Amino acid sequence: MSDNCEPVKCPEGIPMWVMTFADLMSLLLAFFVLLFSFSEMDAQKYKQVAGSMSEAFGVQRQVKVKDPPKGINIIAREFSPGRTKPTPLNQVRQSTADDYNQFPVLGTNRDRKKSDLEKEGEKIKLALKDEIEKGLIEVSIEDQKIVIRIQEKGSFPSGSAQMIEPFKEVIMKINKAIQHSNGKIVVSGHTDNLPIHNSHFRSNWELSASRAVTVLHELSRNSTIDKERFEIKAFADTRPLAPNDTPSNRAKNRRVEVALVYGEDKDMPPRSPVPENTDKGKDTGSLREDSQSAAVNE
């Protein structure tokens, strides 16, 4: 039967459905091009993401001058050649830079530290609220430290480093307020510009140092604070808060400050180990002389 069938002649040209399919594809292409043109992107966010990806996987940082610049994409569309650098192999190269580093990032580490410092200062102010209202102490935040300023009023008699007995309870409250804090604890003594010279103190330097030592002894008594965090300073009348022209201003300058200094406690030098076997009958000078004599004999 197949021999009797007449061959079917194919029509000339393309089928009719091809035109409909081509129109549909053209419309879809135009639709997606419009969607892409209407879309918006956060350039800063893309730059940060690109920086993280480049550090994780690595990108080309050096290219030869004769080579075209690489890494041009939708994130960084512009490229400016940098200053060429000579190499030992006589190859002139240029370096690319990260554009995402030029944009500021909100919430830096410094801002977080400042916020934590203010929170710690508010806790100390709340713990010493009664003493602050009575005018016995002041609490302030200065740069990277919290300063607890102890006034001479009610703490020390004039020209003396012997603390008044009732004020020791205030020192105990200060101890409780700062024992869970971090940072170095600097106790500094200050006086006014009136000279002092008696049987106990030769100058204001000794008076300011003695008052600082007295406060330090009371702070460290029965305390859980590590003694390595303490530091004593004496300034005499070199750092006044007010001009020494009136009795009230001189009273402000006579003070002892307990400062919680942040950012410096990690920079403290480590303690050198103490040798176990030491000769108690010889001092350092005799040991040095013995070592020198031994070297000469050799």
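All values derive from a computational prediction rather than experimental measurement.
The local environment of NZ in Lys134 is sparse, with at most 12 non-hydrogen atoms from other residues, nucleotides or ligands closer than 6.0 Å. For Glu169, the CD atom sits in a loose shell: 12 or fewer heavy atoms of surrounding residues, nucleotides or ligands are nearer than 6.0 Å. Residue Lys125 places its NZ atom among more than 12 non-hydrogen atoms of other residues, nucleotides or ligands, all under 6.0 Å distant. Atom CE of Met19 is surrounded by 12 or fewer heavy atoms from other residues, nucleotides or ligands within 6.0 Å. The number of heavy-atom neighbours closer than 6.0 Å to NZ of Lys173, taken from other residues, nucleotides and ligands shown, is above 12. Counting non-hydrogen atoms of neighbouring residues, nucleotides and ligands closer than 6.0 angstrom, the CD atom of Gln162 reaches no more than 12 such neighbours.
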key: Chi angles and distances behind the side chain to side chain contact (heavy atoms under 4.5 Å, CB included) call for Met16, Thr20   = CA-CA 7 Å; Met16 297 300 296; Thr20 304; over 6 Å; no

query = Could you go step by step and tell me if Leu136 and Ile150 meet the side chain to side chain contact (heavy atoms under 4.5 Å, CB included) rule?
reply = CA-CA 6 Å; Leu136 299 176; Ile150 302 173; over 6 Å; no

Intermediate values then yes/no, side chain to side chain contact (heavy atoms under 4.5 Å, CB included), Glu122 and Lys119 = CA-CA 5 Å; Glu122 292 299 326; Lys119 291 180 181 179; 5.8 Å; no

request  = Could you walk me through whether Ile137 and Ile132 pass side chain to side chain contact (heavy atoms under 4.5 Å, CB included), step by step?
outcome  = CA-CA 5 Å; Ile137 62 175; Ile132 295 175; 4.0 Å; yes

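Here the CE-NZ distance, from Met172 to Lys176, works out to 5.5 Å after rounding to the nearest 0.5 Å. With rounding to the nearest 0.5 angstrom, the CD atom of Glu206 is 12.0 Å from the OG1 atom of Thr191. Here the CD1-NE2 distance, from Ile124 to His180, works out to 11.5 Å after rounding to the nearest 0.5 Å. Going from atom OG of Ser155 over to atom CZ of Phe167 covers 5.0 Å, rounded to the nearest 0.5 Å. How far CH2 of Trp205 is from OG of Ser210: 13.5 Å, rounded to the nearest 0.5 Å. Rounding to the nearest 0.5 Å places CZ of Arg202 at 13.0 Å from CG of Asn204.
Of all heavy-atom pairs between Gly189 and Ala212, the closest is N-CB, 3.8 Å. Closest approach of Leu207 and Ala161 over heavy atoms only: CD1-N, 4.4 Å. Between Gly159 and Phe201, the closest heavy-atom pair is O-CE1, 3.7 Å. The two residues Asn175 and Ser223 have their closest heavy-atom pair at OD1-OG, 3.2 Å. Across every non-hydrogen atom of Ser208 and Ala236, the tightest pair is OG-N, 3.4 Å.
Clustering ILVMFWY residues whenever any of their side-chain heavy atoms sit less than 4.5 angstrom apart, transitively, puts Phe156 in the very cluster that holds Ile232. Linking Ile, Leu, Val, Met, Phe, Trp and Tyr residues whenever their side-chain heavy atoms come within less than 4.5 Å places Leu219 and Ile225 in a single cluster. Under the 4.5 Å side-chain heavy-atom criterion for ILVMFWY residues, a single connected hydrophobic cluster contains both Phe230 and Val215. There is no path of hydrophobic side-chain contacts, each under 4.5 Å, that joins Val186 to Phe235. Leu27 and Val18 end up in different hydrophobic clusters when Ile, Leu, Val, Met, Phe, Trp and Tyr side chains are linked at under 4.5 Å.
Legend: residues meeting side-chain contact (heavy atoms from CB on, under 4.5 Å) with Pro157, ordered by chain and number and at least two apart, are Ser160, Ile164. In this structure, the side-chain contact (heavy atoms from CB on, under 4.5 Å) partners of Leu29, at least two apart in sequence or on a different chain, are Val33.
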Which donor-acceptor pairs under 3.5 Å do side chains of residues 242-255 form with protein atoms, sequence neighbours excluded?
| residue | atom | partner | partner atom | Å |
| --- | --- | --- | --- | --- |
| Asn244 | OD1 | Asn253 | ND2 | 2.7 |
| Asp245 | OD1 | Asn249 | ND2 | 2.8 |
| Thr246 | OG1 | Ser248 | OG | 3.3 |
| Thr246 | OG1 | Asn249 | N | 3.3 |
| Thr246 | OG1 | Asn249 | ND2 | 3.1 |
| Asn249 | ND2 | Pro243 | O | 3.3 |
| Asn253 | OD1 | Leu241 | N | 2.7 |
| Asn253 | OD1 | Ala242 | N | 3.0 |
| Asn253 | ND2 | Ala242 | O | 2.9 |
| Asn253 | ND2 | Asn249 | O | 3.3 |
| Arg254 | NE | Glu152 | OE1 | 2.5 |
| Arg254 | NE | Glu152 | OE2 | 3.4 |
| Arg254 | NH1 | Asp192 | OD2 | 2.7 |
| Arg254 | NH2 | Glu152 | OE1 | 3.3 |
| Arg255 | NE | Glu257 | OE2 | 2.8 |
| Arg255 | NH1 | Asn253 | O | 2.9 |
| Arg255 | NH2 | His190 | ND1 | 3.3 |
| Arg255 | NH2 | Arg239 | O | 2.8 |

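Using a distance-only test at 3.5 Å, with no hydrogens or angles considered, no donor-acceptor pair links the side chain of Asn182 to the main chain of Tyr262.
The closest side-chain heavy-atom distance from Ile171 to Met163 is below 4.5 Å. Annotation: side chain of Leu260 is in contact with side chain of Ile185 (closest heavy-atom distance under 4.5 Å).
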